[in-house]
Protein chains: 4
Amino acid sequence: MSGINKVILVGHLGKDPEVRHLDGGVTVASFPLATSETYNKDGKRIEQTEWHNIVLWRGLAEVASKYLQKGKLVYIEGKLRTRSFEDREKVKKYVTEVVAENFTILGRKSDFEPPVSSEGTTPKSENEYTNLTDPAGDLPF
Amino acid sequence: MSGINKVILVGHLGKDPEVRHLDGGVTVASFPLATSETYNKDGKRIEQTEWHNIVLWRGLAEVASKYLQKGKLVYIEGKLRTRSFEDREKVKKYVTEVVAENFTILGRKSDFEPPVSSEGTTPKSENEYTNLTDPAGDLPF
Amino acid sequence: MSGINKVILVGHLGKDPEVRHLDGGVTVASFPLATSETYNKDGKRIEQTEWHNIVLWRGLAEVASKYLQKGKLVYIEGKLRTRSFEDREKVKKYVTEVVAENFTILGRKSDFEPPVSSEGTTPKSENEYTNLTDPAGDLPF
Amino acid sequence: MSGINKVILVGHLGKDPEVRHLDGGVTVASFPLATSETYNKDGKRIEQTEWHNIVLWRGLAEVASKYLQKGKLVYIEGKLRTRSFEDREKVKKYVTEVVAENFTILGRKSDFEPPVSSEGTTPKSENEYTNLTDPAGDLPF
DNA sequence: TTTT
DNA sequence: TTTT
């Protein structure tokens, strides 16, 4: 016993969430998240990007599939989990994922709406941010 | 002995940073930061805002005074410190502050530049974010 | 909108939790928590202690009242909340608290049992730690 | 750009740190860390352990090699990094590590001393905890 | 594979 | 491979 296993990320989705429905009816969503760090080396600005495998379960997966899309900036809180699997050649491999326990969209108001087909959105003012939290891991509205 | 004292905030500056230079030449900056939470009560969307007193020292204060302004969205990492002071009526009072150890601007590219007097900025595209990190607590460029 | 408000503490309880039952039957517990930091100044080891007001609600308050006592080492995750109140002289005052959302006892096995009146506890081996988590904010067993 | 990549762990070392000195004189240390979670399933207490690869650089590696040993309870703060390497069969593999930026021993006073060969240690009192922090990533004393 |  |  004795443990804290916590991950806090702010980054952009590299792809739309991929949603699967397991046999028991459980929903799982996953997507890659990029967190980038900028630092200075010999006067040049270097950007280093780290990619994370994000996994969400149940209600949180449902919310993610509805409100998160490729490119969005998101705060994610979760825990690390390394699991093994067999690839196509039956070789045992390991992958480390971040199992999300909570997420919040960081961005402008338009980022909080599910994408629509309609054109002609209202112009946005400079400082128009908003967010969406799902502390309970379930639908927030 | 034995202690972790860590605060993680993402919110908007309520005012421009207020910068002071202490006798020994040390720079201190401070500003209020709002973190808002939205939840559902009886079908209505309630927004609850919490205000935090942010304090930054030395190099981090210099960076803050240059790159942070009222309204900007920022990630702040720091620690809690409660200090006492005497108000004008000589009454002892307590205030809890977040002493920043690190911050990152979260927002669009324009948010990374110090404010300029020139008018006529270039139009921004929808999904234009960027950030600025100062892990070492000193000027990052 | 847009906010993350997160506090992570590891420290010792300064007192036993104080438990109150509100009118609606809701349980609230609170206790002071010390987080200490040791640093070096001119070759001398300086210890600086920060005190935090911890507040717990409902099921988490019940668990805390049962398993936490003065002196125990605990990991606490929560959020900052500043509230105002009137003191006995009707002066408006402010206090900043950490509203716990989760806690974990860090310590040896004996620290996980509610205190008993019986004497003569079993001797402990050198490296005997264990912990107790309450992720859901409710009774964990 | 735009990124926060933060990991917070509390767990026990599965092995003593393994220290290497790279060509340029840089020190790297690494060890496995176990974080365990206990939960209830059908009235049975289930313990699930997650293993993390911890990597420390430079001064932090030196401190770790001196003060951390197998079995000790430690708080670690760092960031995720996934790197690829070729195994003996020239197969490309990936491993995700936690690059530590800070650590603190959590435990009793005896846990803060480097291990000694002498026998006959002084008995410890019940509530004797202490800690050791290395915020700057360098030797703290 | 994101973002700037 | 830790810890209880």
Side-chain angles (χ1 to χ4, degrees), chain A residues 1-5 9-18 30-38 45-54 68-74 76 82 105-108 111, chain B residues 104-113 122 124-133 141, chain C residues 104-113 122 124-133 141, chain D residues 1-5 9-18 30-38 45-54 68-74 76 82 105-108 111:
Chain A
M1 307 154 206
S2 249
I4 301 300
N5 174 358
L9 304 173
V10 176
H12 291 93
L13 278 82
K15 292 183 186 170
D16 284 354
E18 195 179 303
S30 62
F31 56 80
L33 187 87
T35 59
S36 306
E37 197 181 347
T38 309
R45 205 171 176 176
I46 309 286
E47 183 183 322
Q48 196 173 331
T49 297
E50 191 66 40
W51 286 97
H52 311 272
N53 305 305
I54 311 296
L68 298 183
Q69 291 86 31
K70 177 176 170 174
K72 283 202 176 165
L73 182 64
V74 69
I76 291 178
T82 299
I105 299 176
L106 301 172
R108 284 175 297 157
D111 291 341
Chain B
T104 298
I105 299 176
L106 300 172
R108 286 176 295 158
K109 207 175 184 178
S110 57
D111 292 341
F112 293 80
E113 292 142 21
T122 318
K124 310 294 180 302
S125 70
E126 259 296 297
N127 254 319
E128 197 181 358
Y129 299 108
T130 188
N131 86 334
L132 183 106
T133 316
F141 1 69
Chain C
T104 299
I105 299 176
L106 301 172
R108 285 176 294 157
K109 207 176 185 178
S110 57
D111 293 341
F112 292 79
E113 293 142 19
T122 318
K124 310 294 179 302
S125 69
E126 258 298 296
N127 254 319
E128 197 181 358
Y129 298 108
T130 188
N131 86 334
L132 185 103
T133 316
F141 0 70
Chain D
M1 306 155 210
S2 249
I4 301 301
N5 174 355
L9 303 173
V10 175
H12 291 94
L13 278 83
K15 292 184 187 170
D16 285 353
E18 194 178 304
S30 61
F31 55 82
L33 186 87
T35 58
S36 308
E37 197 181 346
T38 308
R45 205 170 176 176
I46 308 286
E47 184 181 320
Q48 195 173 332
T49 297
E50 191 64 40
W51 285 96
H52 311 271
N53 305 304
I54 311 297
L68 297 184
Q69 291 85 32
K70 177 177 171 172
K72 283 202 176 166
L73 182 65
V74 69
I76 290 179
T82 299
I105 299 176
L106 300 172
R108 285 174 296 157
D111 291 340

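Numbered from 1 within each chain, the chains take letters A, B, ... in sequence-line order.
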*asked:* Would you compute the distance between atom CG of A:Leu106 and atom CG of B:Leu106 and round it to the nearest 0.5 angstrom?
replied: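 So the CG of A:Leu106 and the CG of B:Leu106 are separated by 6.0 Å.
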
Protein-nucleotide distance ([X], atom [atom1]; [N], atom [atom2]), rounded to Å:
X        : N     : atom1 : atom2 : result
D:Glu37  : F:dT2 : CD    : P     : 20 Å
A:Ile4   : F:dT2 : CD1   : P     : 21 Å
D:Leu106 : F:dT2 : CG    : P     : 19 Å
D:Asn53  : F:dT1 : CG    : P     : 15 Å
D:His52  : F:dT1 : NE2   : P     : 18 Å
A:Leu68  : E:dT1 : CG    : P     : 20 Å
D:Glu50  : F:dT2 : CD    : C1'   : 13 Å
A:Glu18  : E:dT2 : CD    : P     : 16 Å

*Is a donor on one side and an acceptor on the other found under 3.5 Å between the side chain of A:Glu50 and the backbone of D:Thr82?*
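Yes; at least one donor-acceptor contact below 3.5 Å.
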
_Short side-chain to backbone donor-acceptor contact, A:Asp16 and A:Lys70, under 3.5 Å_ =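 Judged by distance alone, yes, a pair lies under 3.5 Å.
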
*Considering all heavy atoms, the nearest A:Trp51-A:Pro32 contact*: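 Heavy-atom minimum between the residues: CE3-CB, 3.8 Å.
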
_Under 4.0 Å, heavy atoms only, any strand: does A:Thr35 hit a base, just the sugar-phosphate, or nothing?_
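It contacts nothing in the nucleic acid.
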
*Nearest of E:dT1, F:dT1, F:dT2 to any side-chain atom of A:Trp51?*
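It is E:dT1.
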
_Selected nucleotide, minimal atom distance to A:Ala34 side chain, candidates F:dT2, E:dT2, F:dT1_ =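 When the side chain of A:Ala34 is considered, E:dT2 is the closest of F:dT2, E:dT2, F:dT1.
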
*State whether D:Lys15 places a side-chain N or O below 4.0 Å from either non-bridging phosphate oxygen (OP1 or OP2) of F:dT1.*
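Looking at the OP1 and OP2 atoms of F:dT1, neither is under 4.0 Å from any side-chain N or O of D:Lys15.
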
